[in-house]
Every structure is written in structure tokens, then in C-alpha cells.
A.B. asks: 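Before anything else, here's the structure in question.
Nothing here was measured: the structure is a model prediction, and the numbers come from that model.
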Amino acid sequence: MVGLIDTADGARAEWTFPAEPDTVRTARHAVYDTLSAWGAPASLRDLAVLLVSELVTNSQRYTSGPIGVRLAVHALAPAGAGAPGSAGGAGDADGAAGAAGPDAALLVEVSDPLPDPPTERLAGPEDEGGRGLRLVACSARRWGTRRGKTGKTVWFELSLPG
């Protein structure tokens, strides 16, 4: 279910969750605990947990298959750059997000087997949902989607404090 990997080019963690009622809560706790162990500042940790919660909720709502969540500390790409291909780059071999340096970012990916990209929509004041992608778009340094062989990945990047 989980793999934690600390390498010379950055810290990584990934999980696969079933699409079950407690998946969102389990994903939140996994991300929170991992970022805490990496020494991430509370503001970064809380924002990452909020955005993961929104994206995993979307996956759980629209798919029945496994939901993947991946965290990686990597070299910061220019703001106009495209989707990250792999999450290698700057980081600390101990996996400490707070010590990654000024040119590093936290890359977060949520994957599911549905190939259709999510659509951002305007939620009315009385709507129960429809705000998740807007939160991601307003809060992340960069974000996007990419298709895979068996579904899609929605990713976002948060700058790490230097």
C-alpha cells in the first residue's frame, strides 16, 4: 500500500488506495504523517493535505478502481514549464522537505483509472461540490493533468520554503 523512498535526488512516497468510503481520510493522514516526518512547515503540510483531499474525493466520486497518491521533492521547474515527467531533482537524502533548498518543490500526484480529465466548474453558493479544482488552481504554483496507459493523473506543485 505504501512505499517511502529517500534517495539522493529527493524524497518520495506513494500509496495506492481502494475507492472506499474511508479512502479520503486515509490519504489525508498518510500525506500529513509523511510531510510531518520530512519536516515540512505546517502551512505547506496543511495546504498539501487539503488539496490531496479534494483530488482524492474527485477520484473516489467518479471511479471504482485504485487511487494512487504520490509525493516527491524535486527540482523546481520554471513556472511556464509543462507537466512534470518524473519527480527527480533537488532534495535531501534524508527526505526533509524543509531542507530541500530554494530551488525545490513538492510535487503531488493523484491518479485513477478514469481516462477523462477533470473539468473545472463554477460552483454556486448553494452547491455542495465543484470547488476542488478551483482550490488547486488558486493554491498551487502549477497544476495539470496527464493521461497514462490506464487512466489519468492530476498533479500540482507547491514551492518549498528555502
Side-chain angles (χ1 to χ4, degrees), residues 1-20 22-41 43-77 81-101 103-118 132-133 135-137 139-161:
M1 178 186 241
V2 63
L4 291 173
I5 305 165
D6 295 332
T7 65
D9 65 340
R12 293 177 177 75
E14 51 187 305
W15 304 266
T16 302
F17 302 104
E20 296 177 349
D22 65 343
T23 293
V24 176
R25 177 181 26 184
T26 304
R28 276 195 307 259
H29 284 286
V31 170
Y32 181 92
D33 292 346
T34 300
L35 292 177
S36 293
W38 289 353
S43 59
L44 175 81
R45 182 185 60 224
D46 292 346
L47 180 57
V49 167
L50 171 67
L51 300 182
V52 163
S53 180
E54 293 294 333
L55 294 180
V56 171
T57 296
N58 284 350
S59 290
Q60 183 184 23
R61 178 172 287 159
Y62 298 110
T63 67
S64 61
I67 300 167
V69 177
R70 182 172 181 260
L71 307 177
V73 175
H74 72 111
L76 194 60
S86 67
D92 162 334
D94 295 328
D103 295 330
L106 175 67
L107 173 66
V108 180
E109 299 175 331
V110 176
S111 302
D112 64 51
L114 187 67
D116 303 324
L133 288 178
L135 279 171
V136 172
S139 303
R141 180 179 183 276
R142 300 186 311 147
W143 80 280
T145 63
R146 68 175 179 272
R147 287 184 180 225
K149 293 179 182 174
T150 60
K152 69 164 171 317
T153 298
V154 180
W155 61 269
F156 64 87
E157 185 178 80
L158 301 173
S159 297
L160 292 175

A.B. asks: How close do L35 and A48 get, counting heavy atoms only, and between which atoms?
C.D. replies: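 So the two residues come closest at CD1-CB, 3.6 Å.
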
A.B. asks: How many angstroms lie between atom CG of L160 and atom CZ of R141, to the nearest 0.5 angstrom?
C.D. replies: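 It is 11.0 Å, given to the nearest 0.5 Å.
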
A.B. asks: Would you check, one step at a time, whether the test salt bridge (Lys or Arg N to Asp or Glu O under 4.0 Å) holds for E109 with R146?
C.D. replies: CA-CA 10 Å; E109 299 175 331; R146 68 175 179 272; 2.6 Å; yes

A.B. asks: Any side-chain heavy atom of R142 within less than 4.5 Å of one from F156?
C.D. replies: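 No - every pair of side-chain heavy atoms lies 4.5 Å or more apart.
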
A.B. asks: Does any non-hydrogen side-chain atom of L71 lie less than 4.5 Å from one of L107?
C.D. replies: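 The answer is no; the side chains never approach within 4.5 Å.
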
A.B. asks: Output all residues satisfying side chain to side chain contact (heavy atoms under 4.5 Å, CB included) with P66, sequence neighbours left out; order by chain, then residue number.
C.D. replies: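 T16, P113.
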
A.B. asks: If we ignore hydrogens and angles and just use 3.5 Å, is the side chain of T23 paired with the main-chain N or O of P18 as donor and acceptor?
C.D. replies: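 Checked: pair present.
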
A.B. asks: Checking P115 now: which residues fulfil side chain to side chain contact (heavy atoms under 4.5 Å, CB included) with it, not counting sequence neighbours?
C.D. replies: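 By the side chain to side chain contact (heavy atoms under 4.5 Å, CB included) rule, P115 matches R147.
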
A.B. asks: Could you give the distance from CD (E157) to NE2 (H74), rounded to the nearest 0.5 Å?
C.D. replies: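 Interatomic distance, E157 CD to H74 NE2, rounded to 0.5 Å: 4.0 Å.
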
A.B. asks: Contact between D46 and Y32 at the side-chain level, heavy atoms closer than 4.5 Å - yes or no?
C.D. replies: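 Yes, their side chains come closer than 4.5 Å.
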
A.B. asks: Sequence neighbours left out, what passes side-chain hydrogen bond (donor to acceptor under 3.5 Å, both in side chains) with T153? Give chain and number order.
C.D. replies: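 Once residues adjacent in sequence are excluded, the partners of T153 under the side-chain hydrogen bond (donor to acceptor under 3.5 Å, both in side chains) criterion are S111.
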
A.B. asks: Where do G65 and A19 come nearest, in terms of heavy atoms and distance?
C.D. replies: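 Where G65 meets A19 most closely, the heavy atoms are O-CB, 3.6 Å.
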
A.B. asks: Using the side chain to side chain contact (heavy atoms under 4.5 Å, CB included) definition, which of the options V136, V110, L133 pairs with P118?
C.D. replies: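 Running side chain to side chain contact (heavy atoms under 4.5 Å, CB included) over V136, V110, L133 with P118 returns exactly one hit, L133.
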
A.B. asks: In chain order, what residues pass the side chain to side chain contact (heavy atoms under 4.5 Å, CB included) check against A30, with sequence neighbours excluded?
C.D. replies: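 For A30, the residues satisfying side chain to side chain contact (heavy atoms under 4.5 Å, CB included) (neighbours in sequence not counted) are W15, F17.
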
A.B. asks: Just distance, no hydrogens or angles: give the donor-acceptor pairs under 3.5 Å from side chains in residues 50-62, sequence neighbours left out.
C.D. replies:
| from | atom 1 | to | atom 2 | distance (Å) |
| --- | --- | --- | --- | --- |
| S53 | OG | R28 | NH1 | 3.2 |
| T57 | OG1 | S53 | O | 2.7 |
| S59 | OG | L55 | O | 3.4 |
| S59 | OG | D112 | OD2 | 2.7 |
| Q60 | NE2 | E20 | O | 2.3 |

